[in-house]
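Report on one structure; see the data block that follows.
All values below were derived from every heavy atom in this structure, side-chain atoms included, with hydrogens, water molecules and symmetry-related copies excluded. Remember, it's 1-based here, ligands and their atoms both numbered in the order they're listed. Along the sequence shown, residues are numbered consecutively beginning with 1.
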Amino acid sequence: MIFFIVQFSRNPTANGVGVDLLKGGIMKIGIPKGLLYCKYHPFLTTFFTKLGCDVVISEDTNKNILDAGVKYCVDEACMPVKIFHGHVASIKDRCDILVIPRIMQLWKNEYICPKFCGLPEMVINSIDNLPPTISEPIYATSQKKLYNWAKAAGKYLGKSNNKVRLAFHSALNAQRDYEEGIFDKGYEVNVALIGHPYNIYDSFSNMNLVKKLNKLGVGIVTGEFTHEDTLRDVAKKLYKKPFWTFTRENYGFAINVAKEKIVDGIIYVSSFNCGPDSIIIELIKNSLPHFPFLILKIDEHTGEAGIDTRIEAFADMLERRTRIESNFSTHG
Ligand code: SF4
């Protein structure tokens, strides 16, 4: 994985628009702060900024964005996809061109969730009066493939090959310099926080879970600190290797962190209606039947009080297991 594979598919209605808009001044490129923006924003923002564009980013997720997402998106979608729609709605009138990353592959022979593959179509057919979009498929399995995407996006915006090449390398460097992940130190009780990145790092979606756990005296470790080879080796032991990248990584992280006794428990943050999560959660439960494991399912109707009660009870149980009864039941 170069870091992520991007291939933007051009909205047919957008052909030639980039060059035309440039004639009128600095182009405003809108990037919604939803889904994998939390992971790949250094690349995207640096690339378009270095191309000389103004980058317009939506606000952090908030109630207005969630409400707009629920309004525009189909009911059956998971909450992160609804939230992405809300981010689009919040910036569509403030940009000349919208980026809707259609992220297909990060690693060879694996894919991202199908909802990513069809994300541009979902958005374009749900929200009226959108500006032209850059939405070509992104394949980030090699630098060359990612560069192909960059060339297509740059050409669309009327930029020279040389400018695109320089912007691309700056963007890659920005992504490589970006340090992601949480590895708390100094806590007596620690949990692995597992889930898709947008569920872990969007504090509005997960109702400030990270801060709440820290306040309860619970340290957090996320999967970015486990080597890719380890995640891959663990998943190989399954009867069939998971087809979806984040599913494989989450499974590998959960099993490794429990077996190596790096944490005292696992909290899995999952979106209601998430197909990949419904499989991997069962696999983790089957592989770790006696390890403390809390599943938090979130959607737009989830009440904060319910989340608070569950994490308090889980933290309390872990604390007792750690300090008082080393073999305390995982069921409380
Ligand atoms: S992996 Fe799950 S949460 Fe993520 S977009 Fe797909 S269905 Fe939604």
Over 60° means perpendicular and under 30° means parallel, so classify the ring planes of H41 and Y178, tilted if in between. perpendicular

Answer yes or no as to whether an N/O/S atom of Y198 is found below 2.8 Å from atom 4 (Fe) of ligand 1. yes

Ligand-residue contact atoms, ligand 1 with C78, heavy atoms, under 4.0 Å: 3 (S), 5 (S), 7 (S), 8 (Fe)

Counting each atom of ligand 1 from 1 as listed, which ones have a heavy atom of S271 under 4.0 Å away? 3 (S)

Is it the case that over 12 heavy atoms from other parts of the model lie below 6.0 angstrom from the NZ atom of K71? no

Please report the C-alpha distance between N206 and N199 in whole Å, then the side-chain angles of each, then the deciding distance to 0.1 Å, and finally whether the side chain to side chain contact (heavy atoms under 4.5 Å, CB included) criterion is met. CA-CA 6 Å; N206 64 33; N199 287 334; 6.0 Å; no

the protein heavy atom lying closest to atom 7 (S) of ligand 1 turns out to be K115 NZ, 3.4 Å

How close does the nearest protein non-hydrogen atom get to atom 2 (Fe) of ligand 1, and which residue and atom is it? C274 SG, 2.3 Å

Between the main-chain N or O of M207 and the side-chain N or O of K212, is there a donor-acceptor pair closer than 3.5 Å? yes

Counting from 1, what ligand 1 atoms have a heavy atom of H196 closer than 4.0 Å? 1 (S)

Considering only heavy atoms of C113, which atoms of ligand 1 have at least one such atom less than 4.0 Å away? 1 (S), 5 (S), 6 (Fe), 7 (S)

Y147 and H169 aromatic ring geometry - parallel, tilted or perpendicular at 30°/60° bounds: tilted

Is any side-chain heavy atom of P131 closer than 4.5 Å to a side-chain heavy atom of I97? no

